Amino acid sequence: MKSMLIGSALKSSSSSSLRPPFLATAVASCDHERVKVSRIQVRKTTFGHSNSIFGRMNHQQSRKLNDPESDNKYFTEVHRHQRQITKVLAVDASKGFVLRPQIDGKSLGATLEVIYRYSKVYTLQGTVLSIVSISLLAIQKLSDFTPLFFVGLLQAVIGGALANLYVASINQLSDVDIDKINKPHLPLASGELSIETGTRLTLLYAILGFCLGWSIKSWPLKLGLFLWYAIGTAYSVHLPLLRWKRDPALAAMSVWSLQGAIIPILFNLHAKTLIHGRSLLVSKHVIFVSGIMSIYAVVAALFKDIPDVEGDKINGVNSLASKVGTKPVFWLCIGLLEMAYGMAILIGLLSTGFWTRLMMVIGHSILGFILWREANLVDLKNNEAIESFYLFIWKLYGVEYLLVPFLRF
């Protein structure tokens, strides 16, 4: 019986015409015991032991051994290997053979690590930095730092963080099939996290965010959080007139609305509501931040599709990169960012403040030079190199927000 299980495993893994064997998932059970393992471990164990066993079988056949004791020893070893494999494999009689690692039974630390990767918690660094930075731009004197300001800033940071977690999660829930091709390491695509668990986490982020938004009195923050959730949903979900990521223009508009308008404008206005006597007007400094972050947003929207061209074509996502090619879109993004730095340098030269002029001119000159140097080192045929450069762009985005509180030209 165990031999039949192993045969089924090998056959099932190799017969799929839709994806490579390591993309399949399996649920394993042996002697009333369920053990969860990674797909790659199962694949290596199955094929590694099988090749070793069958290699020795061929060797014995070639020597035409007829020693009963030797044969018994050989078959004992075969069964030992089979038992090792069946500890990590199982057959679901109703659904067939599937490989599927789960977080069930994992330690608390391992479970949290899977949730961390699913929610993309690491992206919160940029979100928190941008909200804090644009809020500090509303400060004009030390007396503006009040307990009310810090409480309101904390509300904005928590609200933005929850919205960020929701958008990252709903995007993965909507893209499982695409991610199985482009990013099979993601928790949902790999099977480490079930769809049901991912859905519960996503709903939790949505409910907590809406509860916070409902409880606060600041209309700019209420509006900002509502738009954040609404646009994030429209960008990803498979519903009529939605799934905006399929259209390059709508995808760019979605990212721009968040990075170029919601965060720099509405979160800055929220900070001003926390300062007594401050009028709710959009300053020229905020307009500058909105402009340069809008360019970052468009670049991010275009660039993130570059390594996903293969999966996007298969799933009907008509990104600009899938239409015109990787190289043109890559250099378009670089050109847009260099144009943004050039604009910042020009504004800095026209500024009357010495320190502002120094920071904007020298700072953006350095950023422009580093960007150009790194761009020329990227291998556009290597998706890992492209994804690494995409993360580098977000580092530049973070550096830009470090400069924002000091841009008072």
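Here the structure is a predicted model, which means the values were calculated and not measured.
- Between Ile345 atom CD1 and Met360 atom CE the span is 9.0 Å, to the nearest 0.5 Å.
- Among all heavy-atom pairs drawn from His185 and Glu192, the shortest one is O-OE1, 4.0 Å.
- In this structure, CG in Leu137 is found 9.5 Å from CD in Gln140, a value given to the nearest 0.5 Å.
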Trace of the side-chain contact (heavy atoms from CB on, under 4.5 Å) decision for Phe288 with Met293: CA-CA 8 Å; Phe288 167 77; Met293 292 306 168; over 6 Å; no
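- Heavy atoms only, all atoms of each residue included: Asp144 and Phe149 are closest at O-CB, 3.8 Å.
- Between Leu136 and Phe145 the shortest side-chain heavy-atom distance falls below 4.5 Å.
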Steps toward side-chain contact (heavy atoms from CB on, under 4.5 Å) verdict (Leu367, Glu400): CA-CA 9 Å; Leu367 290 177; Glu400 191 67 45; 4.0 Å; yes
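- Here the shortest heavy-atom pairing between Leu173 and Gly198 reads CD1-O, 4.0 Å.
- Using cut-offs of 30° and 60° for the angle between ring planes, the Tyr166 and Tyr229 rings count as tilted.
- For the atom pair CG of Leu223 and CD1 of Ile265, the computed distance is 11.0 Å after rounding to the nearest 0.5 Å.
- Using a 4.0 Å cut-off between charged nitrogen and carboxylate oxygen, Arg243 and Asp175 count as a salt-bridge pair.
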Verdict with supporting geometry, Leu336 and Val298, side-chain contact (heavy atoms from CB on, under 4.5 Å): CA-CA 9 Å; Leu336 288 172; Val298 172; 4.2 Å; yes
Chi angles and distances behind the side-chain contact (heavy atoms from CB on, under 4.5 Å) call for Ser388, Glu374: CA-CA 11 Å; Ser388 177; Glu374 294 298 319; over 6 Å; no
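- More than 12 heavy atoms of other shown residues, nucleotides or ligands fall within 6.0 angstrom of atom CZ in Phe210.
- A 4.5 Å side-chain heavy-atom check between Val132 and Tyr401 finds every atom pair outside the cut-off.
- Of all heavy-atom pairs spanning Ala138 and Ile275, the tightest one is O-CD1, 3.6 Å.
- Side-chain atoms of Leu165 and Leu124, non-hydrogen and from C-beta on, do get closer than 4.5 Å to each other.
- The CD1 atom of Ile262 sits 14.5 Å away from atom CG of Asn268, with the distance rounded to the nearest 0.5 Å.
- Within 6.0 Å of NE2 on His276 lie no more than 12 heavy atoms contributed by other residues, nucleotides or ligands.
- In this structure a side-chain-to-backbone donor-acceptor pair under 3.5 Å is present from Ser215 to Leu212.
- Formation of a donor-acceptor pair under 3.5 Å by the His270 side chain with backbone atoms of Ser218 is not found in this model.
- Looking at Leu380 and Val378, their side chains come closer than 4.5 Å, going by heavy atoms from C-beta outward.
- Comment: Glu113 engages Arg117 in a salt bridge, judged by a side-chain N to carboxylate O separation of less than 4.0 angstrom.
- Expressed to the nearest 0.5 Å, how far OG1 of Thr356 lies from CG of Leu350 amounts to 12.5 Å.
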Verdict with reasoning, Trp256 to Ser294, per side chain to side chain donor-acceptor pair (under 3.5 Å): CA-CA 5 Å; Trp256 166 82; Ser294 294; 2.6 Å; yes
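- In summary, the aromatic rings of Trp331 and Trp372 are positioned with their centroids under 6.0 Å apart.
- Within 6.0 Å of CZ in Phe369 there are 12 or fewer heavy atoms belonging to other residues, nucleotides or ligands.
- With contacts defined as side-chain heavy-atom distances shorter than 4.5 Å, the pair Ile292/His364 qualifies.
- At least one donor-acceptor pair under 3.5 Å links the side chain of Ser174 to the backbone N or O of Ile170.
- Side-chain contact between Leu242 and Tyr235 is absent, with no heavy-atom pair separated by less than 4.5 Å.
- Judged by distance alone, the side chain of Ser130 and the main-chain N or O of Gly126 form a donor-acceptor pair under 3.5 Å.
- By the 4.5 Å heavy-atom criterion applied to side chains, Tyr341 and Ile366 are not counted as neighbours.
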Pair Thr202-Thr199, side chain to side chain donor-acceptor pair (under 3.5 Å): steps then yes or no: CA-CA 5 Å; Thr202 305; Thr199 301; over 6 Å; no
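- Under the 4.5 Å side-chain criterion, counting only non-hydrogen atoms from C-beta, Gln172 is not in contact with Ser119.
- Scanning both residues, Tyr205 and Ser169, for their nearest heavy atoms gives CE1-OG, 3.5 Å.
- At least one donor-acceptor pair closer than 3.5 Å links the side chain of Lys222 to the backbone N or O of Gly213.
- Judged as a side-chain hydrogen bond (donor to acceptor under 3.5 Å, both in side chains), and not counting sequence neighbours, the contacts of Tyr397 are Gln259.
- The aromatic rings of Phe303 and Phe389 sit tilted, their planes meeting at an angle between 30° and 60°.
- Closest non-hydrogen pair, Ser135 versus Ile131, comes out as OG-O, 2.7 Å.
- Distance NZ/Lys327 to CG/Leu332: 14.0 Å, rounded to 0.5 Å.
- Legend: residues meeting side-chain hydrogen bond (donor to acceptor under 3.5 Å, both in side chains) with Thr273, ordered by chain and number and at least two apart, are absent.
- A donor-acceptor pair under 3.5 Å links the side-chain atoms of Ser257 to the main chain of Ser254, judged by distance alone.
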